[in-house]
Amino acid sequence: MKNLLITCLILIAATALPGGDAALPGHTALDDDEELLIFPGYTYRDPTSGAAMAHLHAWIFEPEEGSVNRKLLLKFLGGRLGGELSEGEKATLYRRGAHLLADQEGGERVAVSVGNAHYDLGDTDANGHAVKDVPLPAAPKSGKASWLEVQSRSKDRLYRGKVLVIPDTGVSVVSDIDDTIKISEVLDRRALLRNTFLLPFRAVPGMARLYRAWRDRGAVFHYVSAGPWQLYRPLADFVESEGFPAGVFHMKNFGFSRNPSALFDPADEVKIPAITALLERFPRRRFVLVGDSGERDPEIYGEIARRFPGRVIAIFIRNAGNERAGSERLAAAFRNLGAVRCVLFEKVEEIRG
């Protein structure tokens, strides 16, 4: 009887533990109105220890279903676009801006599984993100790039993500998104807002075909954007629907209620750390950097190439309408780059080969 009583007390205590099924391997305790999004991660070999590592990233948020924030977003955009939005534009805005309005859940423990290995990613930050580099039990097979599945469970819900297994050697393509693969018109703020939130996304002609050709030759892709993580889903859907190679995204950690000014931080503060980390973690890989002239991609890419001599083999800049070959700006951005191939292009055919 005593043993039975002890067993019952243990079971009762276990069910009463904070977090519920969070104590189970690969389980995250979510409230019924919360969601978990696992962003694409990647594997790498620790340059110091040689251990196989995985970079994992998850986000917990509560979808915004109320009308108050939607009205505020409509008022914000309407004021900047100078007119009433059509019903179709409102529908597109709600769909693309859904995560911008989400309540990001800080201080919640995230756990995931990669195969038979289970990882605690720690507590989410103030904007709901949990990011951690974890050791893999065995090094992924070298050779061609491939994907591993990541999972997290919460009660009867299963959340899936993926991790890109990147070989130690090869070519990595770092690509900007706006005005590099997607027409955004960043130099016209009103057009940028419309292209981001209201209009169908349009791919830059020929870029998906070019990227697929590079992928077929073994390249892996990193999409680096100064846009916030809240726009990941519509951008990932665009990449897939337009036939661009699947890849890892690197974006801005941002929250309306916690660090609203971060939305206007310069692209340097997102792109330079993200690209630097990739070059440091893949010392035997070569890099191709693709961007546009609309903002600071030439300056950012030139700085990266000078920091890592011999690692960047080419820089391709799409002319967003404000640049010319041989300009003082490009000459300054690409100074002292040696054998790095630097090309300002208008059509994809100009960068083939």
Side-chain angles (χ1 to χ4, degrees), residues 15-41 56-77 85 89-113 118-132 149-162 193 196-198 225-238 249-265 270:
T15 58
L17 285 173
D21 62 357
L24 298 174
H27 283 64
T28 300
L30 297 175
D31 293 339
D32 291 341
D33 56 358
E34 293 177 338
E35 294 290 339
L36 174 67
L37 179 56
I38 303 173
F39 298 112
L56 303 177
H57 183 182
W59 180 43
I60 295 180
F61 62 97
E62 181 182 335
E64 175 55 57
E65 301 295 342
S67 61
V68 175
N69 284 344
R70 290 189 174 196
K71 288 180 180 178
L72 289 175
L73 186 58
L74 277 178
K75 183 177 180 180
F76 171 81
L77 277 179
L85 303 183
E89 289 174 335
K90 290 179 183 178
T92 302
L93 170 62
Y94 291 152
R95 185 172 65 253
R96 293 202 189 141
H99 286 171
L100 281 171
L101 304 175
D103 183 10
Q104 303 177 102
E105 303 296 337
E108 300 205 23
R109 186 60 58 89
V110 178
V112 301
S113 300
H118 309 292
Y119 301 102
D120 181 349
L121 302 189
D123 291 344
T124 55
D125 64 16
N127 289 329
H129 293 268
V131 183
K132 191 173 184 179
E149 185 174 71
V150 183
Q151 293 186 355
S152 184
R153 293 183 178 274
S154 181
K155 300 177 183 177
D156 59 345
R157 291 179 285 175
L158 175 63
Y159 297 93
R160 288 189 169 94
K162 57 185 181 179
L193 287 173
T196 301
F197 293 107
L198 305 179
S225 170
W229 280 108
Q230 287 92 328
L231 294 178
Y232 163 75
R233 269 188 174 158
L235 290 175
D237 290 344
F238 162 78
F249 282 70
H250 308 260
M251 303 183 74
K252 177 182 296 180
N253 188 333
F254 160 78
F256 266 124
S257 61
R258 295 175 177 87
N259 60 332
S261 63
L263 189 61
F264 305 102
D265 287 346
V270 176

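Predicted model, so just to flag it, every value in this text is computed and none were measured.
Note on ring orientation: taking the six-membered ring where Trp is involved, the planes of His57 and Phe39 are tilted (angle from 30° to 60°).
Residues satisfying the side chain to side chain contact (heavy atoms under 4.5 Å, CB included) test with Arg233, not counting sequence neighbours, are Leu37, Phe61, His99. For Ala130, the side chain to side chain contact (heavy atoms under 4.5 Å, CB included) partners two or more places apart in sequence, or in a different chain, are Val110, Leu121, Thr124. Asp33 is linked by a side chain to side chain contact (heavy atoms under 4.5 Å, CB included) to Asp31, Glu62, counting only residues two or more places apart in sequence or in another chain. With sequence neighbours excluded, the residues forming a side chain to side chain contact (heavy atoms under 4.5 Å, CB included) with Val270 are Lys252, listed by chain and number. Looking at residues two or more places apart in sequence or on another chain, you find a salt bridge (Lys or Arg N to Asp or Glu O under 4.0 Å) between Arg157 and Glu35. A search for ring pair (Phe, Tyr, Trp, His ring centres under 6.0 Å) contacts involving Tyr159 returns nothing, not counting sequence neighbours.
Taking all atoms of both residues into account, the shortest heavy-atom contact from Ser113 to Gly26 is OG-CA, 3.3 Å. Of all heavy-atom pairs between Ala111 and His27, the closest is CB-O, 3.3 Å. Contact record, Gly227 with Met251: O-CB, 3.3 Å, taken as the closest heavy-atom pair.
Atoms OH and NE2, from Tyr232 and His250 in turn, are 11.5 Å apart once rounded to the nearest 0.5 Å. Separation of atoms CD1 (Ile38) and CD1 (Ile60) is listed at 10.0 Å; rounding is to 0.5 Å. The structure places NZ of Lys155 at 8.5 Å from CG of Leu30, a figure rounded to the nearest 0.5 Å. Note that CZ of Arg96 is 8.0 Å distant from OG1 of Thr196, once rounded to the nearest 0.5 Å.
Thr28 places no side-chain N or O within donor-acceptor distance of the main-chain N or O of Ser152, the cut-off being under 3.5 Å. Between the side chain of Gln104 and the backbone N or O of His129 there is no donor-acceptor pair closer than 3.5 Å.
A heavy-atom distance below 4.5 Å is found between the side chains of Gln230 and Trp59. With a 4.5 Å cut-off on side-chain heavy atoms, Arg95 and Thr92 count as touching. Contact annotation: the side chain of Arg160 approaches that of Gln151 to within less than 4.5 Å [non-hydrogen atoms, C-beta and beyond].
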